[in-house]
Amino acid sequence: MSDFYEKMLKNGTGRKVLQSVGLPTPVELTRYTGQAVFFHGNILIGASKNATLLNQLSKTLLDAKATTFFPANSKYANHIKRALEHHGQTPIQTNCEKGAVSEKFDALVFDATGFEKTKDLKELYNFFSPVIKSLNSNGRILILGKPHMASTSAEQAACMRSLEGFSRSLAKEIGKKGATAQVIYVEDGAEHLSSSAIRFVLSPKSAYVDGQVINVSKADKEISIDWRRPLANKTALVTGGSRGIGESIASVLARDGAKVYVLDIEATKADLEKVAKEIGGVALVGDITAKETPEMIADAVKQNGGLDIIVHNAGITRDKTIGNMPEHFWDMTIDINLSSEETINEYLLENNVLNEGGRIVCVSSMNGIAGQVGQSNYATSKAGVIGYVEYMAKQLAKKKITINAVAPGFIETAMTDAIPFMTREVGRRMNSMSQGGKPVDVAETIAFFSAPDSNGVNGNVIRVCGQCLIGA
Ligand SMILES: NC(=O)c1ccc[n+]([C@@H]2O[C@H](COP(=O)([O-])OP(=O)(O)OC[C@H]3O[C@@H](n4cnc5c(N)ncnc54)[C@H](O)[C@@H]3O)[C@@H](O)[C@H]2O)c1
């Protein structure tokens with residue numbers, strides 16, 4: 001949010017005026033400010049029979065300040081209680097029958113990994129219907145499942161895929177109070193790798209991530225880290241790091257402990273150096289489309305023992321409807337937003353500049369998913385990024401490297417400030433949260449992908465869009 005509208009929202013009378021004329025009055029989202037715990041509050045946990053993630057969930061919550069509850073009326077109450085106790089929780093049994101719920105909750109988590117038959121889906125209704133109104137603003141809903149294509153029957157596949165439709169609908173019902181709903185699918189045998197995703201979803205770091213699906217797949221061993229400084233001793237490079245989203249990515253990665261190289265074009269040199277100075281990083285002036293840039297990056301990071309994280313953030317728009325688009329608009333956009341990423345990665349991989357356990361994160365866009373008038377070049381490039389990430393994930397897994405993408409929606413930057421008022425207002429409000437996101441929301445998602453304990457998070461595309469109503 002910005003300008004006049006934001007001022008009105010922050011003022012009690014202004015809010016009432018906006019409400020009275022039927023305009024959206026979004027809740028201010030709670031974002032991460034370096035809290036000692038990733039989650040603080042009441043969490044209600046439900047589960048199906050044979051749920052497989054309760055132990056890992058319980059273990060993950062040891063780093064939170066959570067009071068855990070389980071529904072007394074659940075068929076599997078004893079199973080939930082035992083699993084939570086196994087990892088040091090002291091869960092409280094609470095009456096969750098309709099009309100009898102006395103607690104307020106900051107998170108509702110349901111482990112649906114044991115669903116086999118479509119009749120099991122009724123458990124979603126039984127768990128969520130009585131308690132959904134007791135979810136606090138800025139609350140979290142998390143549903144845990146297994147990837148549907150790894151199911152052992154068609155009926156189970158239907159159940160698992162159902163979780164997406166269910167959680168996306170809940171996200172739309174609770175978005176107005178700044179609350180979010182997501183699904184995490186965890187492959188059999190990858191349960192021990194699910195903590196980083198659980199932590200991200202439950203924390204304020206995912207404030208503007210809504211209605212999304214995160215897949216956790218089998219990888220190596222569980223990597224234990226200090227989640228408050230997960231990138232200690234890591235070296236990262238952020239392209240387009242002089243301003244906007246890139247600047248925020250650089251500062252969040254530095255906050256998380258990484259030595260950060262920020263790269264941008266000559267024209268941005270003063271801003272780039274300022275960013276580098278502020279985060280104790282290094283400024284690299286270069287054009288990502290230039291032939292010499294991959295080698296320049298490799299030379300620069302050599303003294304730090306190579307690169308652990310590369311974030312391909314630099315991007316441009318050159319908008320025109322296809323019939324009016326000059327050829328160089330097409331060429332530049334594809335080159336900067338897509339081809340140069342491939343060229344740089346190829347060089348870094350071939351020359352072993354990207355270390356084992358490396359992380360590649362690409363920045364796509366919601367318009368790459370939904371398409372946009374006047375952006376055939378941009379949407380082509382950003383959809384290409386998604387295809388590239390999905391294909392490369394399998395190749396890179398062999399080298400213990402992950403590759404993922406974020407697809408931002410409407411993020412408040414200099415780029416979006418330049419959009420005419422009415423178009424900007426529509427773009428900003430057309431999501432479940434009725435507001436634009438901040439660069440830090442994209443940056444936090446990238447930091448989650450970059451963390452060493454996200455080694456099971458590979459080939460994902462997460463939209464950071466407050467569940468934008470267009471696209472997926
Ligand atoms: N702002 C949004 O709402 C939004 C939405 C979806 C996707 N994105 C994507 O997020 C990324 C960052 O967006 P932003 O809003 O911060 O944009 P921005 O224009 O503020 O920043 C982009 C940066 O990339 C740099 N850059 C451009 N061409 C380059 C080149 N050839 N070599 C090196 N650097 C180059 C620019 O100098 C600039 O500093 C882009 O990839 C953009 O497409 C933004």
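Counting starts at 1 for both ligands and their atoms, following the listed order.
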Where does ligand 1 get N/O contacts under 3.5 Å from the protein, atom by atom?
{"residue": "ligand 1", "atom": "1 (N)", "partner": "Thr413", "partner atom": "OG1", "Å": "3.3"}
{"residue": "ligand 1", "atom": "3 (O)", "partner": "Gly409", "partner atom": "O", "Å": "3.3"}
{"residue": "ligand 1", "atom": "3 (O)", "partner": "Ile411", "partner atom": "N", "Å": "3.0"}
{"residue": "ligand 1", "atom": "3 (O)", "partner": "Ile411", "partner atom": "O", "Å": "3.3"}
{"residue": "ligand 1", "atom": "15 (O)", "partner": "Thr413", "partner atom": "OG1", "Å": "3.2"}
{"residue": "ligand 1", "atom": "16 (O)", "partner": "Ile245", "partner atom": "N", "Å": "2.8"}
{"residue": "ligand 1", "atom": "19 (O)", "partner": "Arg243", "partner atom": "NH2", "Å": "2.6"}
{"residue": "ligand 1", "atom": "20 (O)", "partner": "Arg243", "partner atom": "NE", "Å": "2.8"}
{"residue": "ligand 1", "atom": "31 (N)", "partner": "Asp287", "partner atom": "OD1", "Å": "2.9"}
{"residue": "ligand 1", "atom": "32 (N)", "partner": "Ile288", "partner atom": "N", "Å": "3.0"}
{"residue": "ligand 1", "atom": "34 (N)", "partner": "Asp264", "partner atom": "OD1", "Å": "3.4"}
{"residue": "ligand 1", "atom": "37 (O)", "partner": "Asp264", "partner atom": "OD1", "Å": "2.6"}
{"residue": "ligand 1", "atom": "39 (O)", "partner": "Ser242", "partner atom": "OG", "Å": "3.2"}
{"residue": "ligand 1", "atom": "39 (O)", "partner": "Asp264", "partner atom": "OD2", "Å": "2.6"}
{"residue": "ligand 1", "atom": "41 (O)", "partner": "Asn313", "partner atom": "O", "Å": "2.7"}
{"residue": "ligand 1", "atom": "41 (O)", "partner": "Lys382", "partner atom": "NZ", "Å": "2.9"}
{"residue": "ligand 1", "atom": "43 (O)", "partner": "Tyr378", "partner atom": "OH", "Å": "2.6"}
{"residue": "ligand 1", "atom": "43 (O)", "partner": "Lys382", "partner atom": "NZ", "Å": "3.2"}

- Message: Apply side-chain contact (heavy atoms from CB on, under 4.5 Å) to residues Leu237 and Val260 and explain how you reach the verdict.
- Response: CA-CA 6 Å; Leu237 177 98; Val260 183; over 6 Å; no
- Message: I'd like to know if the side chain of Asp111 pairs up with that of Thr113 as donor and acceptor (distance under 3.5 Å, no hydrogens or angles considered).
- Response: yes
- pair Met433-Gln467: side-chain heavy atoms closer than 4.5 Å: no
- Task: Let me see the working for Asp287 and Thr289 under side-chain hydrogen bond (donor to acceptor under 3.5 Å, both in side chains), right down to the final yes or no.
- Result: CA-CA 5 Å; Asp287 183 324; Thr289 62; 2.7 Å; yes
- Query: Going by the angle between their ring planes, with limits at 30° and 60°, are Phe38 and Trp227 parallel, tilted or perpendicular?
  - Reply: perpendicular
- Could you check if a side-chain atom of Leu231 sits within less than 4.5 angstrom of a side-chain atom of Pro452, using non-hydrogen atoms only? yes
